[in-house]
Amino acid sequence: TEFGGRFVEQLALLTTALVVYRAARRFADPRWALPAALIVLTSGLTFALSRGLATDLFQLLFVSASLVAILDAATRRSFAHAAAAGALLGVAMLAKGPIALLVAASVWLAFAIAVRERASLPWRGVALGAALFAAIGVPWYALIMHGDPAILDWFLEVQLASRVTGSDRGHLKDATYLLRLWVLDLLPWAPPVALARARLRPRGRLRDADPIDVFLLAWALVPVLLFSLFPTKLGSYIAPAFPGAALVVARAGSRGLRDDRRARRVLAA
């Protein structure tokens with residue numbers, strides 16, 4: 001039923017909030033874990049998506065869990081977390097296609113460029129993760145394409161090439177559309193997110209910044225910039241940035257986000 005579909009969407013969003021809650025307890029002051037989870041649940045875009053009938057929130061859940069696993073793997077040099085990240089991206093691919101891999105890879109690439117040699121994952125975990133991604137995410141697509149080879153042409157031409165070249169006339173938007181939408185869709189939490197981003201922004205060289213800060217800032221911003229490069233845009237494309245933004249608030253909150261008068265005014269707004 002319609003209620004059943006929406007219930008499962010909202011359950012996926014609630015689980016994403018729990019992933020963010022756990023990550024905030026791991027990477028920030030535990031007192032900020034609940035506020036971070038509530039930001040995910042009540043931001044304009046995620047709230048609206050949970051009232052629809054689409055697969056975006058299923059993908060959001062597994063991409064978010066994967067990015068948390070990647071950060072754990074990088075900070076702990078954890079074989080298990082690196083492998084788990086690949087498996088989670090495989091499930092995300094089943095939810096809404098290979099775009100999940102592009103999002104996660106873009107966040108990692110921005111992070112790796114910023115912190116240079118301090119960004120590393122255990123290669124055996126990455127290899128196992130890649131194998132798990134292929135084992136989980138590829139077989140269903142291979143089976144469908146084997147049954148109807150024309151689906152591959154449709155995917156490459158309609159779902160990929162038309163989005164990149166702008167021949168999909170239904171969703172053409174200007175270059176700043178998603179950046180503007182990001183601010184609106186973060187409401188009512190746009191002011192504290194902006195304040196937290198300013199507080200975490202490295203003051204010196206990026207390579208000397210706290211790697212966790214850099215990763216969370218990349219998570220909050222890179223998906224928006226990535227999809228702004230394409231001429232075709234939908235608001236739901238930027239959903240992967242929202243858990244990152246919530247964790248940025250938690251991380252900045254751990255360092256006294258409310259400790260001065262200007263900050264308190266922004267939070268009150």
Step by step, work out the side chain to side chain contact (heavy atoms under 4.5 Å, CB included) result for Ser236 and Asp56. CA-CA 7 Å; Ser236 59; Asp56 298 272; 3.5 Å; yes
Would you please test Leu179 and Val183 for side chain to side chain contact (heavy atoms under 4.5 Å, CB included) and show each step? CA-CA 7 Å; Leu179 289 167; Val183 175; over 6 Å; no
I would like to know whether Val68 and Val20 meet side chain to side chain contact (heavy atoms under 4.5 Å, CB included); could you show each step before the answer? CA-CA 8 Å; Val68 171; Val20 169; over 6 Å; no
Which is it for Ile39 and Val249 under the side chain to side chain contact (heavy atoms under 4.5 Å, CB included) test, yes or no, and what are the steps along the way? CA-CA 9 Å; Ile39 288 173; Val249 173; 3.9 Å; yes
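Cluster annotation: Leu18 is not connected to Phe242 through the hydrophobic network of ILVMFWY side chains, with a link wherever side-chain heavy atoms come within less than 4.5 Å. Placement of Trp140 and Leu88 within a single hydrophobic cluster is found when ILVMFWY residues are connected by side-chain heavy-atom separations under 4.5 Å, directly or transitively. Leu67 and Phe79 fall into different hydrophobic clusters, where Ile, Leu, Val, Met, Phe, Trp and Tyr are joined by side-chain heavy atoms under 4.5 Å apart, directly or via other members. Put simply, Phe133 and Ile144 are part of the same group of oily side chains (I, L, V, M, F, W, Y) that touch within less than 4.5 Å, one to the next. Leu14 and Phe7 sit in two unconnected hydrophobic clusters of ILVMFWY residues. Membership requires side-chain heavy atoms under 4.5 Å apart, directly or through other members.
Side-chain contact check for Leu60 versus Ser64: some heavy-atom pair is nearer than 4.5 Å. Between Thr16 and Pro243 the shortest side-chain heavy-atom distance falls below 4.5 Å. Annotation: side chain of Phe215 is in contact with side chain of Ile70 (closest heavy-atom distance under 4.5 Å). Residues Lys173 and Thr232 fail the side-chain proximity criterion, which asks for heavy atoms closer than 4.5 Å. For the pair Leu128 and Leu132, the minimum side-chain heavy-atom distance is below 4.5 Å. Counting only heavy atoms from C-beta outward, the side chains of Gln10 and Arg51 approach each other to under 4.5 Å. No side-chain heavy atom of Val8 sits under 4.5 Å from any side-chain heavy atom of Leu57.
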Residues 89-109 side chain polar contacts: donor-acceptor under 3.5 Å, at least two apart:
{"from": "Ser106", "atom 1": "OG", "to": "Leu102", "atom 2": "O", "distance (Å)": "2.7"}

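Checked options Leu217, Asp210, Ile212; the residue passing with Leu200 is Leu217 (criterion: side chain to side chain contact (heavy atoms under 4.5 Å, CB included)).
Looking at every heavy atom in both residues, Pro149 comes nearest to His146 through CD-O, 4.2 Å. Between Arg25 and Pro30, the shortest heavy-atom contact is NH1-CB, 3.6 Å. Nearest heavy atom pair, residue Val115 against residue Pro211, reads CG1-CA, 4.3 Å. Contact detail for Phe58 and Ala12: the closest heavy-atom pair is CD2-CB, 3.7 Å. Minimum interatomic distance between Ala82 and Pro122 (heavy atoms only, all atoms of both residues): CB-CG, 4.2 Å. Scanning all heavy atoms of the two residues, the minimum distance from Ala250 to Ala36 falls at CB-CB, 4.0 Å.
Atoms CH2 and OG, on Trp189 and Ser43 in that order, are 8.0 Å from each other to the nearest 0.5 Å. Rounded to the nearest 0.5 Å, atoms CE (Met145) and CD1 (Ile151) are 7.5 Å apart. Taken to the nearest 0.5 Å, the CG atom of Leu181 stands 4.5 Å off from the OH atom of Tyr177. From Phe47, atom CZ reaches atom CG of Asp185 across 13.0 Å, with rounding to the nearest 0.5 Å. In this structure, the separation between CH2 on Trp182 and CG on Leu45 is 12.5 Å, given to the nearest 0.5 Å. With rounding to the nearest 0.5 angstrom, the CG atom of Leu221 is 11.0 Å from the CG atom of Leu226.
A salt bridge links Asp213 to Arg255: one of the charged nitrogens lies within less than 4.0 Å of a carboxylate oxygen.
Formation of a donor-acceptor pair under 3.5 Å by the Asp29 side chain with backbone atoms of Trp32 is not found in this model. In this structure, Ser66 contributes its side chain and Ala85 its backbone to a donor-acceptor pair below 3.5 Å. Judged by distance alone, with hydrogens and angles left aside, the side-chain atoms of Trp219 form a donor-acceptor pair with the main-chain N or O of Pro240 at under 3.5 Å. Arg77 places no side-chain N or O within donor-acceptor distance of the main-chain N or O of Ala74, the cut-off being under 3.5 Å. Between the side chain of Thr46 and the backbone N or O of Thr42, no donor-acceptor pair lies under 3.5 Å.
In Arg124, the CZ atom is not crowded: 12 or fewer heavy atoms of neighbouring residues, nucleotides or ligands sit closer than 6.0 Å. Heavy-atom neighbours of Arg22 CZ from other residues, nucleotides or ligands within 6.0 Å: at or below the threshold of 12.
Phe227 and Tyr237 have tilted rings, their planes meeting at an angle from 30° to 60° on a 0 to 90° scale.
At a cut-off of 3.5 Å, with distance as the only test, no side-chain donor of Arg31 or Ser254 sits close to an acceptor on the other residue.
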